[in-house]
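Reading through the structure tokens given below for one structure.
Computation of the quantities below employed the complete heavy-atom set of this structure, encompassing side-chain atoms and omitting hydrogens, waters and symmetry-equivalent molecules. Treat the numbers as computed from the prediction; the structure is a model and nothing was measured.
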Amino acid sequence: MIKIDHLVKNYGPNCAVDDISFEVKKGEIVGLLGPNGAGKSTTMNILTGYLSATSGSVSIAGYDVLFDPLEAKKHIGYLPEQPPLYLDMTVEEYLIFNYNLKNCKLNRDKHLAEICEIVKIGDVYKRLIKNLSKGYRQRVGIAQALIGSPEVIIFDEPTVGLDPKQIIEVRNLIRTLGRDHTVILSTHILQEVQAVCDRIVIINKGRIVADELTENITRAVENNRRFNVKICGPQKEVMAMLKAKPGIVRAELLSGRDGDAYCYMIESEVGVDIRKSLFYTLAEKKWALVGMEAVGMSLEDIFITIVDQTSEKRRYERRDSKARRAQKTSVESEVAKSMLSKTEKKTSEFSGLFDDDAK
């Protein structure tokens, strides 16, 4: 339904989107996740035809956004970060205006009534938009995106500035829309994608750094393994043993306690299975291991780890690039000096011939 192929967008010397490619299938809810300035909104603007790409292509329902924009946009409903509302219109006037603007062929009254039912704005249908709360304004923005029943709906930061109750309502609405539409959701709020998205695409500094199903996103990062363990034994001695044990990179005492057992969180090195070794060590010391539970990474941990890893990689790439440029400049300088020396020598020899003739 959505296909992005080697998309690049440059603003002068700055690269906002750096050769990204991914697809969104029909009926998927995909979250485009990344820190502020990662390139999410630029990607959204190119998807909707608001911006042109420097290179690469974007197609919606098989139509290229650049070469066939009108057909592509017929399949798109878009809610930008700031909903495009006319505050002096009533909700009814605004939706009718958008209905006419989109040249919609569906029965107007029935279609708008269905949309109002979906987004729950029927009770404010006759009110001026400027008198509505931010939550209702957001719903009106979503309503205009649904006019014409587009196959693809694009949300850019749909819950920014909403209170917790409104956020939950908008998330439930997005999940409902995902039953009949393809949805792509741009946000930097981690809970947002975890709550509503089937798949997560993480972008950092204009590049895709992870693309996984929400439940499988932990596979996108190599990380230490975490366990919560319950050990019966002297708390200080157990903690000292855990911190000193080879293969364990982190140990913390947790607040939970089970009888005479204390709870600890440990992390093992990547590729190290610490469970057997820890069991034998505890057995030697006669400290009973009464519980061990693997702890999955939180989405926050995954996001921070991936962003940090890719940022570090980009720094090394820039350093390598600078080193290569410096090396190239040095070589070019040496070649230039050599050529200049040879030229001066030949010029001197040539001038000497004239000097001899003059004599």
Side-chain angles (χ1 to χ4, degrees), residues 1-82 145 150-158 174 178 181-190 192-193 197-214 217 220-221 302-303 306-307 309-311 313-315 317-318 321:
M1 186 56 66
I2 301 173
K3 185 176 181 180
I4 297 176
D5 190 28
H6 296 289
L7 188 65
V8 175
K9 178 61 179 179
N10 295 325
Y11 293 102
N14 299 317
C15 184
V17 178
D18 189 1
D19 193 25
I20 68 172
S21 300
F22 68 93
E23 295 185 27
V24 183
K25 298 178 182 177
K26 186 175 181 179
E28 268 192 311
I29 303 178
V30 173
L32 188 61
L33 180 65
N36 290 325
K40 304 184 302 299
S41 292
T42 299
T43 302
M44 297 294 98
N45 288 330
I46 295 172
L47 271 173
T48 57
Y50 182 72
L51 287 177
S52 61
T54 302
S55 63
S57 64
V58 174
S59 63
I60 306 291
Y63 296 98
D64 191 287
V65 172
L66 180 62
F67 296 107
D68 205 351
L70 292 180
E71 286 300 322
K73 290 175 184 179
K74 287 179 183 178
H75 298 271
I76 300 173
Y78 180 43
L79 176 67
E81 186 173 349
Q82 298 295 328
E151 297 170 87
V152 175
I153 302 176
I154 298 173
F155 294 121
D156 190 1
E157 306 283 1
I174 293 172
H181 305 268
T182 298
V183 179
I184 184 164
L185 167 69
S186 169
T187 182
H188 65 278
I189 301 174
L190 304 168
E192 199 92 332
V193 292
C197 296
D198 305 315
R199 183 168 135 232
I200 298 174
V201 177
I202 300 179
I203 184 170
N204 185 39
K205 297 185 185 300
R207 289 184 178 180
I208 291 177
V209 295
D211 184 354
E212 285 285 341
L213 295 176
T214 303
I217 192 65
V221 65
I302 295 166
F303 178 78
I306 290 176
V307 169
Q309 286 179 352
T310 52
S311 296
K313 183 179 179 182
R314 291 294 292 275
R315 280 197 291 272
E317 287 176 352
R318 286 196 294 270
S321 178

Test item: T42 side-chain N/O and A16 main-chain N/O as donor-acceptor pair under 3.5 Å:
no
Non-hydrogen side-chain atoms of V30 and V201 separated by less than 4.5 Å
yes
How close do G31 and V193 get, heavy atom to heavy atom, and via which atoms?
CA-CG1, 3.8 Å
Distance from I4 atom CD1 to I20 atom CD1, nearest 0.5 Å?
5.0 Å
Return the CE to OG distance between M44 and S186, rounded to the nearest 0.5 Å.
5.0 Å
Considering only heavy atoms from C-beta outward, does the side chain of V183 approach that of I174 to under 4.5 Å?
yes
Is a side-chain donor or acceptor of E28 paired with a backbone partner of K25 at a separation under 3.5 angstrom?
yes
Exactly one candidate in E151, H75, M1 meets side chain to side chain contact (heavy atoms under 4.5 Å, CB included) with T182; the answer is M1
Contact between I2 and E23 at the side-chain level, heavy atoms closer than 4.5 Å - yes or no?
no
Which residue in the set I184, V65, L32, I76 passes side chain to side chain contact (heavy atoms under 4.5 Å, CB included) when paired with L47?
I184
Pairs of donor and acceptor atoms involving the side chains of residues 49-59, under 3.5 Å and at least two apart or interchain, shall be tabulated with distances.
{"residue": "T54", "atom": "OG1", "partner": "N10", "partner atom": "N", "Å": "2.8"}

Atom CG in D156, atom OH in Y78: separation rounded to 0.5 Å?
4.5 Å
